[in-house]
Amino acid sequence: MAATQKPMRYGHTEGHTDVCFDDTGSCIVTCGSDGDVRIWENLDDDDPKSINVGEKAYSCALKNGRLITAVSNNTVQMHTFPEGAPDGILTRFTMNANHVIFNSDGTKIAAGSSDFMVKVVEVTDSSKQKTFRGHDAPVLSLTFDPRDVYLASASCDGSVRVWKIADQICTTSWPLLQKCNDVINAKSICRLGWQPGSGKLLAIPVDKVVKLYRRETWDSQSDLSDAFIMQPLNVVAWSPCGQYLAAGSVDGNIVVWNMETQECIERMKHEKNYSICGLAWHPKHRQIAYTDTEGNLGLLENIGDGKKPNDKVASTVTKDYNDLFDGEDDDYLNGDMIEPQSSPKAGANEDDGDDLMPTSGHLKRAIIDDDDNSLDIGMIKANSNLEKEDDDDDQTGGFPALPPSSTQQPFYDGPMPTPKQKPFQSGSTPAHLMHRFMVWNSVGIIRCYNDEQDNAIDIEFHDTSVHHATHLPNSLNHTMADLSTEAILLACESTEELASKLHCIHFSSWDANKEWTVDMPEDEDVEAICLGQGWAACATSALLVRVFTVGGVQREIFSLPGPVVSMAGHGEQLMIIYHRGTGFDGDQCLGVQLMELGKTKKQILHGDPLSLTKKSYLIWVGFSAEGTPCYVDSEGIVRMLNRGLGNTWIPVCNMREHCKGKSDHYWVVGIHENPQQLRCIPCKGARFPPTLPRPAVAILSFKLPYCQVTTEKGQMEEQYWRSVVFHNHVDYLSKNGYELDENAKSQSVKEQQELLMKLFALSCKLEREFRCMELADLMTQNVVNLAIKYASRSRRLNLAQRLSEMAVEKASELATAPEDEEEEEDFRKHLNAGYSNSATEWSRLPVRNVQQDQEMEDAEETDAYEEVEETPEGHKQSKKIVLSEEVSSNKKDPVVPSANVLDTMSKYSKKTSLSSSRAVNKQNPPVIKPLIPKPKSKQALAISFFQARTLNSSEKTVEEKEEKAGNESHEVKVTAQESTENRRPKTGFQMWLEENRANILTDNPDLNEAEVIKEGMSRFRMLSSEERMVWTEKAKGGTVNDLTEDKKRKRPTTDEDEVKKNQEQKPEDSNLSKKPKPLDQSTNVRLAAFAFKQS
Amino acid sequence: MEPAEAEFLAEKELVTIVPNFSLDRIHLIGGDLGPFNPGLPVEVPVWLAINLKQRQKCRLIPPEWMDVEKLEEIRDQERKEDTFTPMPSPYYMELTKLLLNYASDNIPKADEIRTLVKETWDTRIAKLRLSADSFVRQQEAHAKLDNLTLMEINTTGTFLTQALDHMYKLRTNLQPSESAHSQDF
């Protein structure tokens, strides 16, 4: 089996890098052009220790706890290792040093600089320096003879020289390399290497081959080459045993030869073909760490495993036969010295391979498990490949196909299970960090410091009016935290002596005891916690969810179907994400439960599968500030519960689209629906931010993944649906009895209708009338009217006609729905809620009387009207109404130009939205009803008819109401009274009904008020149009009478007059002034109805 | 113009703060500010930022240029060039002084920044003096100076113009003295 190549990871900023292992091989040390030396525990170490050594580090070497670096201020510095404390400057050059190395026992260092000099310095006494002059260009690389006699150096002048250290003289020199004037222009940095142990061979990378020179004789013994190498070699490195030689090329290939056989045993390709500039062997294991010129770090494992002894196919070893006999003895000697360790392997290669495999596989698993927060899917993949022989062959690419090993046991060849994601707290950084965020949410920040001096928790509130910042000692070693505006919740896992604890600091408590602690039962660990309003919850390793009140009373307890991943609370809602099962091929298999823990407890999501992007895992789960569940996966997709579409999840943002670099991420801290804000912290080259310097919050916008958002149509569609999705919470909240900002709601509806109208206009322009109809279907009643107007103006008569049919249908739907429910309505509800609906209705009615005049005046309208008239009789009437309605809405407000769609829109849409959100509303019948003529006035009729009686029986109430309204504001009253006043005299039907009521009642004595009107309407409809006309005329004539009749009502006339004046002065009004008006209206209506029933 | 006036003008510059209170949009003569959400960065004028900071109502996020590396670069550039280089902010000196005085705890490496800005300032003022000197020496009629900030102009503006006036008087007085003499006749 071939070596395993782990995915590269970001190590340093782009530029030259160097890598080495420490003496025991427990960590990898890299340096880079950012001037940092990083100490990596392993390749997956997300938090390497960094030591800043200068502005740029060119090379580093490590031995005996001393770290030497060549840095850009032309010095060679020493630091202690692993502490990283500066330990003096060893030597200086007039230019920067390019390469520094230790000798085999770590007593001396050698450094080669761009000022053409090579220096050898004793580590303990930097005054003992030896300088080697002779190169005519910057020195590229150096290597010490393991016996400390010689030193070899390569330079940009094209020569490789061997120096005798004691005499400081050049022993030999080969013109091997291409000449250049500076290191950056050098084709290869020519990191040469002396064979460890005996130091028999000196390996020099020259173009595409590695030349091997023999000690003392300084003649070329042989060349190592391989067909795989297409570009010059940059680096060579000997394995510590001296048996293998690795070389890295400028196009990112790494080749390993077995020196014994001189055959190539490994060929690896860099993921991105970046130039390899650092190679280091692990001192004990067969691992190679390598770095490239883009600052990435990689690791090859299990070098030489599964090497076939007779696999020589591609390696071409050109032996130098002149030296064959000379070298033979030495070779054998050499071989014997090293062999004992490796020879058994050569024979029992296959067993060895099999033995090794499970252990190494196990090892990797362990690594994955250690790494709690940043589970790398690529790594998992590599892991699963491990067990699949076939994949390995594919992976090595150019490696000749191995005959399948007969001793191999059969493997499971299906999809590999993904390791389950560990539980986490949203908005926290990994627990192993010394300084970490335990939580960052919309309330505040909890940080945890866990270093030598201090083990403490810092709590800070964004809004200091919630609570002041707090500092707590963390004696129990809490690892989980949550924060709300009421309390701080902390939890720790169990230790040997202590049980797992849940600790709550209820700072908003009004008594003196602000804290409580609960011990979990034995063998039960808290794994996730969250806070809601008035409650706290924790999920434990026993698959239980325990709910407490915020004061510490134990509440519900229930079992989870699987191990918890994370949970979140908001208000009464609790969301729990858990493992539903095992995911495969890098996917997680998660489920979600959403429940409400309020007065009526119910489960909304019953363990539904959670949709995650492929090969991703969950990184954040929570609620928007408005209470909509949301979550974020590791691919940066933010999803939100769409309550408007049967509780499905909708992706609302792809954070990766906002990232500049590939390794940049956003760390979510909060989601707001109104205004639409995704609050997060940009993290460069990491998944999470450090605690210092204090990260700043950035705001991302949401974008639904609709198609063709570059076009105007796609853009508006996206905007429309986004607006719809992000206002779902309004309905939800109003259903759950939260207070709502009516303004925001009407704003949103306005925005949506505006977008629909724009889309409608766009489709009209594109001659897509069917599409126009589809859009109109989404519009509210009033906007449909506008659409009709638009269509008729732009001479799309067919469309206008169809639209008005639709408008009629819509109206009838709306009309029937509330009527059915009318009966169940109770009086009080009306007072509270129903009024606002009737408001607009009433105020609009008066205009109707003058309908015909208006039609005459408005040429355009008439035009449209006439055109419509050609349509079949059935539609005609309703259409008339529609049109006139529209006119009235325009006429009503002479100041506002008719083009100002929005004014009217907002008013109307408010009504409709209200009616739709409150199913139980008693609503006045909508503007138009196709079957019953002038249905709008139905409610009005009721009032006017029974007004007299009402006054008798409930005079006081009415008066009270009116007084109240009068107190509230004149303006309010104005509109309210005005409309009632004007409206009462209104319709012919009303008069007709007055006359015929008795008949109806005698026919059907047990009808109630509404039914009477219904019946009356159907009868009225039976009349011929002439008859109806007569009634209408009558109604017009009777206006004056009606008005006088009004005066019976005990309304302060002064108010009224004032009102009228006001009305004249300022015609239309804002939503604000309108709101209270309906109160009067509906009260009257109600009272009237009530009174009638009594009689 | 007094330095205090220049500072007053500088207080209109916008800086980013992170408030720790919640307040709806406020409507001022100079424009609307806010809304203020706890924990969410918002841009406000310096005068308000300092006021809030003094009342411990916010945390200040230093302007982008108030960074040791960037300022070092600016200083080096300023030293290298003979002419004035453009400054990151027309009120760099005033802002540095104000922000470092009132919000140094929110600005990393405040002392270094203070030194760097002072060094840049000194270089520029030295240049200004030098050019004024050569202007006077060569008896030039006009000169053009680019990239000067208000505060810098203030340091020499009044003095230089007055000095030139005096010199003009002295020069023109040389001739009248002769004529006066002749009158004595």
Side-chain angles (χ1 to χ4, degrees), chain A residues 13 34-35 52 54-56 427 437 439-447 458-470 483-485 624-626 667-682 689-701 741 743-744 747, chain B residues 14-27 32-44 48-49 51-73 75-77 99-100 102-113 116:
Chain A
T13 52
D34 50 5
N52 190 280
E55 266 176 31
K56 260 180 154 192
F437 290 111
V439 65
W440 183 323
N441 61 20
S442 53
V443 178
I445 305 168
I446 302 186
R447 274 168 300 196
D458 248 351
I459 300 146
E460 193 187 310
F461 293 85
H462 293 316
D463 191 340
T464 41
S465 63
V466 174
H467 195 249
H468 56 80
T470 316
L483 185 61
S484 77
T485 51
S624 71
E626 286 79 9
W667 193 68
V668 179
V669 297
I671 290 174
H672 287 242
E673 289 178 78
N674 187 25
Q676 295 178 18
Q677 288 180 337
L678 176 60
R679 299 184 183 181
C680 49
I681 294 166
T691 54
L692 280 173
R694 209 190 147 98
V697 178
I699 291 173
L700 297 184
S701 54
D741 182 7
N743 232 352
Q747 197 77 27
Chain B
L14 294 180
V15 287
T16 313
I17 58 161
V18 180
N20 60 17
F21 61 94
S22 177
L23 187 68
D24 211 2
R25 188 175 280 270
I26 51 175
H27 309 283
D32 292 356
L33 296 177
F36 299 90
N37 290 311
L40 207 61
V42 61
E43 278 205 335
V44 296
L48 183 60
N51 183 287
L52 291 173
K53 177 71 196 170
Q54 281 177 321
R55 290 189 287 144
Q56 304 195 325
K57 289 283 184 195
C58 76
R59 194 160 53 78
L60 191 115
I61 295 177
E64 209 177 316
W65 54 268
M66 210 174 270
D67 169 77
V68 172
E69 270 177 38
K70 288 206 176 90
L71 287 172
E72 268 174 0
E73 205 172 286
R75 179 199 60 188
D76 294 345
Q77 185 71 12
L99 299 185
L100 289 181
Y102 295 107
S104 53
D105 51 334
N106 294 147
I107 301 172
K109 301 190 181 168
D111 289 339
E112 279 179 59
I113 287 169
L116 282 166

At their closest point, which heavy atom of B:Ile61 faces which heavy atom of A:Ala696, and how far apart are they? CD1-CB, 4.2 Å
Check whether A:Ile445 gets within reach of chain B through its side chain, its backbone, both or neither, counting any heavy atom under 4.5 Å. neither
Answer with side chain, backbone, both or neither: which region of B:Pro35 has an atom nearer than 4.5 Å to a non-hydrogen atom of chain A? neither
Atom CZ of B:Phe21 with >12 non-hydrogen neighbours under 6.0 angstrom: yes
Does B:Glu73, at its CD atom, have more than 12 non-hydrogen atoms belonging to other residues, nucleotides or ligands within less than 6.0 Å? no
Does A:Glu55 have more than 12 heavy atoms from other residues, nucleotides or ligands lying within 6.0 Å of its CD? no
Distance (rounded to the nearest 0.5 Å) between B:Asn20 CG and A:His468 NE2: 13.5 Å
Among residues 103-111 of chain B, those lying within the under-4.5 Å heavy-atom range of chain A are none
Can you tell me if NZ on B:Lys53 sees more than 12 non-hydrogen neighbours from other groups inside 6.0 Å? yes
How many angstroms lie between CZ in A:Arg679 and CG in B:Asn37, if you round to the nearest 0.5 Å? 5.0 Å
Quick one, A:Thr464 and B:Gln56 - any side-chain contact, counting heavy atoms below 4.5 Å? no
